[in-house]
J.: 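One structure follows; several queries about it will come next.
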Amino acid sequence: FYEEMTTRIADMRAEGAEAIVLYIHWGDEYSTSVNDKQRTMAQKLCDLGVDVIAGGHPHVVQEMELLTSTADESHKTVCLYSMGNFLSNQRATNVSVTTGHTEDSLLLGLTFVKYSDGNVYLEGVTVQPTWVLLEGSGSSRTYRILPLDHDAGDWEELYGLSPSQEDDAERSYSRTMELVNSGLKTVQAYLEMDRISRVGVG
């Protein structure tokens, strides 16, 4: 796998790729904990020069982490181990995971900036928690993916939610942020410090 990745990354760089974002299928289904194999793979991929890793397969959100290359200490990799279930019928009421984590996901925002010297840097990482709202039953079921942004306004009014649905959305937001917020803050603090070291405070 690592030999193949080394070749692919070298080929992409030769063809002009200025940043490498890898989406990977890994991890234990329904576990919000990252396993040792994921961590080992993430570190190896960081060492190979990957800039961002986003994972899928566990059906639940997992943590975000900032990795440092053992081959080049100046190289960092942002790793979001699992993005959760963006659209799914896996409800807390019909799967073994009754905590609701299978209803949660997030949108990962990445901002790359190219400087006048030709170098490209990752300068921004954001997350937007989302929740899958199930309405109706049987053949009339509908699924809506709701962006959970408190700055957008009152969710009950914005999305036409009942009070209990709004409570479920709030719980979804809390579950996701509990998993990713610490790593996200670490990533954002590093990126800002790195940017300032290149261009100064202004």
J.: Glu65 versus Thr186: any side-chain heavy-atom pair under 4.5 Å?
T.: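 No. Closest side-chain heavy atoms not under 4.5 Å.
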J.: So, Glu103 and Trp131: side-chain donor and acceptor under 3.5 Å apart, yes or no?
T.: yes
J.: Using modelled atom types only, decide if a donor and an acceptor are shared between the side chain of Gln38 and the backbone of Asn35 within a distance under 3.5 Å.
T.: yes
J.: Same cluster for Leu161 and Leu148 if Ile/Leu/Val/Met/Phe/Trp/Tyr side chains link at under 4.5 Å?
T.: yes
J.: Between Val52 and Phe112, is there a side-chain heavy-atom distance shorter than 4.5 Å?
T.: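 In short, these two side chains touch, coming nearer than 4.5 Å.
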J.: Mind running side chain to side chain contact (heavy atoms under 4.5 Å, CB included) on Thr70 and Gln43 for me, showing each step along the way?
T.: CA-CA 8 Å; Thr70 61; Gln43 185 60 58; 3.8 Å; yes
J.: Looking only at the side chains, is there a donor atom on one of Gln90 and Tyr30 sitting less than 3.5 Å from an acceptor on the other?
T.: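 Side-chain D/A pair, Gln90 to Tyr30: present.
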J.: Has Arg141 got a side-chain atom pairing as donor or acceptor with Gly138's backbone, closer than 3.5 angstrom?
T.: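 Checking the backbone N and O of Gly138 against the side chain of Arg141, a donor-acceptor pair under 3.5 Å is found.
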J.: Under a 3.5 Å distance rule, please check whether Gln165 uses its side chain to pair with a backbone N or O of Ser162 as donor and acceptor.
T.: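 Side chain of Gln165 to backbone of Ser162, a donor-acceptor pair under 3.5 Å: yes, one is there.
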J.: Say you draw a straight line from CG of Asn94 to OG1 of Thr102; how long is it, rounded to the nearest 0.5 Å?
T.: 7.5 Å
J.: Should we say atom CZ of Arg8 is surrounded by more than 12 heavy atoms from elsewhere, each under 6.0 Å from it?
T.: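 No, CZ of Arg8 has 12 or fewer neighbouring heavy atoms, counting only those of other groups under 6.0 Å.
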J.: Is it the case that over 12 heavy atoms from other parts of the model lie below 6.0 angstrom from the CG atom of Asp36?
T.: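 Atom CG in Asp36 is not crowded, with 12 or fewer foreign heavy atoms closer than 6.0 Å.
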J.: Hey, any chance Val120 and Val187 share a hydrophobic cluster, counting ILVMFWY side chains that come within less than 4.5 Å of each other, even indirectly?
T.: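 Per the 4.5 Å side-chain linkage, Val120 and Val187 are co-clustered.
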J.: Determine, for Asp104 against Arg91, whether the closest basic-nitrogen to carboxylate-oxygen distance falls under 4.0 angstrom.
T.: no
J.: Do the side chains of Val61 and Arg175 get nearer than 4.5 Å, heavy atoms only?
T.: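 A side-chain contact under 4.5 Å is absent here.
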J.: If we only count heavy atoms from C-beta on, is the Tyr173 to His150 side-chain gap below 4.5 Å?
T.: yes
J.: Where is the tightest heavy-atom contact between Met83 and Ala54, given as atom of each residue plus distance?
T.: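 Between these two residues, the closest heavy atoms are SD-CB, 3.8 Å.
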J.: Kindly determine whether Leu133 and Glu135 satisfy side chain to side chain contact (heavy atoms under 4.5 Å, CB included), including the steps that lead there.
T.: CA-CA 6 Å; Leu133 170 65; Glu135 296 175 301; 3.7 Å; yes
J.: Can you get from Ile145 to Leu107 by hopping between Ile, Leu, Val, Met, Phe, Trp and Tyr side chains that sit under 4.5 Å apart?
T.: yes
J.: Under a 4.5 Å side-chain heavy-atom rule over Ile, Leu, Val, Met, Phe, Trp and Tyr, are Val132 and Trp155 clustered together?
T.: no
J.: Within the structure provided, determine whether Tyr81 and Met64 are in side-chain contact (heavy-atom separation under 4.5 Å).
T.: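 Of all side-chain heavy-atom pairs linking Met64 with Tyr81, none is under 4.5 Å.
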J.: Nearest 0.5 Å, what's the CD1-CE distance between Ile20 and Met12?
T.: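 CE of Met12 is found 4.0 Å from CD1 of Ile20.
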J.: Return yes if some donor-acceptor pair links the side-chain N/O of Ser31 with the main-chain N/O of Gly27 below 3.5 Å, else return no.
T.: no
J.: So, for Ser82 and Gly56, which heavy atoms are closest and what is the spacing to 0.1 Å?
T.: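 Minimum heavy-atom separation between Ser82 and Gly56: OG-CA, 4.4 Å.
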J.: Can you tell me if Gln128 has over 12 outside heavy atoms packed within less than 6.0 Å of its CD?
T.: yes
J.: How far does CG of Leu67 sit from CG of Asp47, to the nearest 0.5 angstrom?
T.: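 If I round to the nearest 0.5 Å, the distance is 9.0 Å.
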J.: Checking side chain to side chain donor-acceptor pair (under 3.5 Å) against Lys76, which of Thr68, Asp51, Asp194 comes through?
T.: Thr68
J.: Going hydrophobic residue to hydrophobic residue with side-chain gaps under 4.5 angstrom, can you get from Leu80 over to Leu122?
T.: yes
J.: Report the distance from atom CG of Leu48 to atom NZ of Lys44, rounding to the nearest 0.5 Å.
T.: 8.5 Å
J.: Mind checking whether Tyr121 and Tyr115 have ring centres under 6.0 Å apart?
T.: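 Close enough - the centres of the two rings lie under 6.0 Å apart.
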J.: Minimum heavy-atom separation for Val125 to Leu184, with atom names?
T.: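 Heavy-atom minimum between the residues: O-CD1, 3.8 Å.
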J.: Where is the tightest heavy-atom contact between Pro129 and Met177, given as atom of each residue plus distance?
T.: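 What the structure gives for the nearest pair is CG-SD, 3.6 Å.
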J.: Donor-acceptor pair, distance only, cut-off 3.5 Å: does the side chain of Ser172 make one with the backbone of Asp168?
T.: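 A pair under 3.5 Å: no.
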J.: Walk me through whether Tyr143 and Leu87 qualify under side chain to side chain contact (heavy atoms under 4.5 Å, CB included).
T.: CA-CA 8 Å; Tyr143 300 86; Leu87 178 61; 3.8 Å; yes
J.: Run the numbers on Leu158 and Asp154 for side chain to side chain contact (heavy atoms under 4.5 Å, CB included), then give the verdict.
T.: CA-CA 6 Å; Leu158 187 65; Asp154 179 75; over 6 Å; no
J.: With a cut-off of under 6.0 Å to the ring centre and 45° to the axis, is Arg195 in cation-pi contact with Tyr190?
T.: no
J.: Does Asn85 use its side chain to pair, donor to acceptor, with the backbone of Ser88 at less than 3.5 Å?
T.: no
J.: Taking the side chain as C-beta and beyond, is there a heavy-atom pair between Leu66 and Val78 under 4.5 Å?
T.: yes
J.: Roughly how far, to the nearest 0.5 Å, is the CD1 atom of Ile24 from the CE atom of Met41?
T.: 4.0 Å
J.: Taking the basic N atoms (NZ, or NE/NH1/NH2) and the acidic carboxylate oxygens, is any pair closer than 4.0 Å for Asp167 and Arg171?
T.: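 A salt bridge is absent here (no side-chain N lies under 4.0 Å from a carboxylate O).
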J.: Donor-acceptor pair, His75 side chain versus Val50 backbone, under 3.5 Å?
T.: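 Indeed, once roles are kept as given, a pair shorter than 3.5 Å links the two residues.
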J.: With a 4.5 Å cut-off on side-chain heavy atoms, are Gln62 and Ser33 touching?
T.: no
J.: Between atom CD1 of Ile53 and atom CG of Leu22, what is the distance when rounded to the nearest 0.5 Å?
T.: 6.0 Å
J.: Answer yes or no: is there a side-chain heavy-atom contact under 4.5 Å between Leu179 and Thr32?
T.: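 Leu179 vs Thr32: side chains touch.
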